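The model shown is predicted, which means the values in this text are computed figures rather than measured ones. So you know, we letter chains A, B, ... as the sequences are listed, proteins then strands, and number each from 1.
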Protein chains: 2
Amino acid sequence: MAGEPPLNLGLLLFIPYRAMESRVFAGLAEAGFDDFTPAQARVFQRIAPDGSRLTDLAEQAQITKQSAGFLVDQLERAGYVERAPDPTDARARLVRIAPRGAAAIPVAAAIVAEVEAEWEAHLGRPRMAALRQHLGRLRELTDPYR
Amino acid sequence: MAGEPPLNLGLLLFIPYRAMESRVFAGLAEAGFDDFTPAQARVFQRIAPDGSRLTDLAEQAQITKQSAGFLVDQLERAGYVERAPDPTDARARLVRIAPRGAAAIPVAAAIVAEVEAEWEAHLGRPRMAALRQHLGRLRELTDPYR
DNA sequence: CCAAACTAGTCAGATACTCTGACTGTACCA
DNA sequence: TGGTACAGTCAGAGTATCTGACTAGTTTGG
């Protein structure tokens, strides 16, 4: 009668996150984008439209700049990103999305939309909207990068 | 005027998850539980009260049983878990929480409660309850293990 | 205008994590 | 009782991550 024990909220967040990531990763692989890893994708998805500095990517992904550099090297070799000098600072280089990376984005977006549609069908539209809204507000507390 | 772009729901889930994990990890380290890693903790928190089989832990954490064995070995060496034969199946052994692991649990729970209280103060009680409820329902779709 | 302090990124080396494949031993089933 | 399935381990390899030390460009305070 007590129903489910109130599962740790962290785990409650993690489970659907993991489900989403797995679906997107599998779908991209199926579409031919199978030459990158989840760790690389976690950096890739944080690249700003007009390019990001390595240090910023590292900060946002909460890894060291060395790790970020390692992952960006691989993304670069696979053709997903390219590096260009930052015109405003000769020390820095901008990591930008390369053609192969740009091609992957709509594929990923479509899978995200599909998963979100399934979730919305299960929860109902208003609850899904509430979920998204509350998570967005939580970001004010938990995301130092915006 | 357009406000924030609607951030990828996966990332929206990941950001608070990561925040929660970091807080708990840091708090445990401060309390003297500094001899384990996040990867070990992700396995540890899935151990059932009466013990779990290695294969089940691996499945729930979505890693191979070899990886799970590797992490449990370390948790065992650090005194967080112990292994006992499974009386119902001589092939299997039950991974159980050892005294040091049991001591860490209330500390972790207190930090989780603290973070949840902060989140609730920010969102308001009804929204926090809705968030928890919707995430719980999402689990029906995204968690094969319950 | 220049020396000190700071910042962007890389190099080198170590450790942690995860995987695939092959194997042992036990359980279950027809 | 023989075959198949399952629990777990062993061995080896690749991936991801870190700390510390370094180079080079930028900013700042006198």
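- If A:Gln74 and A:Thr88 are placed on DNA chain D by their nearest nucleotide, the residue sitting closer to the 5' end is A:Gln74.
- Electrostatic pairing of A:Arg18 and B:Asp143 does not count as a salt bridge here, judged by no charged N lying under 4.0 Å from a carboxylate O.
- Ionic pairing of A:Arg23 and A:Glu118 is present here: one or more N-O contacts between side-chain nitrogen and carboxylate oxygen are shorter than 4.0 angstrom.
- Under the rule for a side-chain hydrogen bond (donor to acceptor under 3.5 Å, both in side chains), A:Ser22 has no partner lying at least two apart in sequence or in another chain.
- Ionic pairing of B:Asp86 and B:Arg96 is not present here: no N-O contact between side-chain nitrogen and carboxylate oxygen is shorter than 4.0 angstrom.
- For the pair A:Ile63 CD1 and D:dT15 P, the interatomic distance rounds to 16 Å; values are reported in whole Å.
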Nucleic acid footprint by protein, nucleotides 2-9 of chain D - heavy-atom cut-off 4.0 Å, B for base, S for sugar-phosphate alone: ---BBSBB
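- Every residue two or more places apart in sequence or in another chain was checked for a ring pair (Phe, Tyr, Trp, His ring centres under 6.0 Å) with B:Phe44, and none qualifies.
- Of all nucleotides in DNA chain C, those with any atom nearer than 4.0 Å to a heavy atom of chain A start and finish, going 5' to 3', at C:dT7 to C:dC11.
- Qualifying salt bridge (Lys or Arg N to Asp or Glu O under 4.0 Å) partners for A:Glu82, counting only residues two or more places apart in sequence or in other chains: none.
- Within the 4.5 Å cutoff, the side chain of B:Leu12 has heavy atoms near those of the A:Arg132 side chain.
- The minimum heavy-atom distance between A:Glu116 and A:Met128, with the atom names listed, is O-CE, 3.6 Å.
- Remark: B:Ala103 engages B:Phe33 in a side-chain contact (heavy atoms from CB on, under 4.5 Å) (not counting sequence neighbours).
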Worked check of side chain to side chain contact (heavy atoms under 4.5 Å, CB included) between A:Val81 and A:Ile47: CA-CA 9 Å; A:Val81 308; A:Ile47 300 173; 3.6 Å; yes
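- The distance from atom CG of B:Leu57 to atom OG of B:Ser67, rounded to the nearest 0.5 Å, is 12.5 Å.
- Residues of residues 22-34 of chain B having a heavy atom closer than 4.0 Å to DNA chain C: none are found.
- Rounded to 10 degrees, the angle separating the terminal axes of the helix from C:dC1-D:dG30 to C:dA30-D:dT1 is 30°, with each axis obtained from five end pairs.
- Listed by first and then second residue, the ring-ring contact (aromatic ring centres under 6.0 Å, His included) pairs involving residues 53-105 of chain B are B:Phe36-B:Tyr80 (not counting sequence neighbours).
- For B:Arg125, the salt bridge (Lys or Arg N to Asp or Glu O under 4.0 Å) test picks out B:Glu120, with sequence neighbours left out.
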B:Leu135 and A:Leu9: CA distance, side-chain angles, deciding distance, side chain to side chain contact (heavy atoms under 4.5 Å, CB included) verdict: CA-CA 9 Å; B:Leu135 287 172; A:Leu9 191 52; 3.9 Å; yes
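- By the side-chain contact (heavy atoms from CB on, under 4.5 Å) test, A:Glu59 is found to be paired with A:Asp56, A:Tyr145, residues two or more places apart in sequence or in another chain being considered.
- In this structure, B:Thr37 reaches the sugar-phosphate backbone alone: every heavy-atom distance under 4.0 Å involves primed, P, OP1 or OP2 atoms, never a base.
- Within residues 38-45 of chain B, no residue has any heavy atom under 4.0 Å from DNA chain D.
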